[in-house]
Amino acid sequence: GESVGLHLPTLSVQEGDNSIINCAYSNSASDYFIWYKQESGKGPQFIIDIRSNMDKRQGQRVTVLLNKTVKHLSLQIAATQPGDSAVYFCAENISGNTGKLIFGQGTTLQVKP
Amino acid sequence: DTGVSQNPRHKITKRGQNVTFRCDPISEHNRLYWYRQTLGQGPEFLTYFQNEAQLEKSRLLSDRFSAERPKGSFSTLEIQRTEQGDSAMYLCASTFVGGNYGYTFGSGTRLTVV
């Protein structure tokens, strides 16, 4: 399953399928991007990050793709599991070395067993 | 060290009252951030500290809000004369400057103003 844009709030996928969550960021000068996972009642949890000098980075079951030309970021989750159900946020570092992050609206991922 | 700790987890207060939240960051982290998150939205930056110095404040941080980090360790966020619009989750995060900015968030304090 795949989400499109920042304004599709929910992505529903079957357990075992791959998920793709998309994000459009705002500032072409942003140099660092992060994906966070947030479960109900908890703070955001770091998943994976990527710097602007890269276009792809892989982690365990997750891959982040960065397309600076169109200011687009995506998170791919392989073999989605019920424990992946959460809200996913992309965030960009927009102001140099302050570390201040601007978060997108978020996508809810629902994994059906 | 078990991560970033925030207290209380939940706070219900009457409009007009003052409230104070506490954040204990990861001990070796010298940067501490406060964010606010309303239902269905991503976190919004409020302010941040490097050691004990408050280096930036968002326009969201009205005069009723004040944050301190007196000894460069824990931080407090106080809201005076609370309004219903202050109801939100207040998140604290910490990191070590010079590293990446994938900082560690606490579980937040959920404020409800009635």
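Below, read A as the first sequence line, B as the second, and so on, with proteins coming before strands; counting in each chain starts at 1.
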With S74(A), the side chain to side chain contact (heavy atoms under 4.5 Å, CB included) member among V64(A), L65(A), N67(A)
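Only one option passes, and that is L65(A).
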Can you tell me which portion of [X] sits under 4.5 Å from chain A's heavy atoms? Options are side chain, backbone, both or neither.
{"X": "Q6(B)", "result": "neither"}
{"X": "R9(B)", "result": "side chain"}
{"X": "L55(B)", "result": "neither"}

Does K68(A) NZ have over 12 foreign heavy atoms under 6.0 Å away?
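Yes, NZ of K68(A) has more than 12 neighbouring heavy atoms, counting only those of other groups under 6.0 Å.
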Side chain, backbone, both or neither: which part of Q38(A) has a non-hydrogen atom closer than 4.5 Å to chain B?
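For Q38(A), the contact with chain B is made by the side chain alone.
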Closest heavy-atom pair and its distance - R61(A), T80(A):
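Taking every non-hydrogen atom into account, NH1-CA, 4.1 Å.
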Check: N30(B) and F96(B) side chains under 4.5 Å, non-hydrogen atoms:
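Yes, at least one pair of side-chain atoms sits under 4.5 Å.
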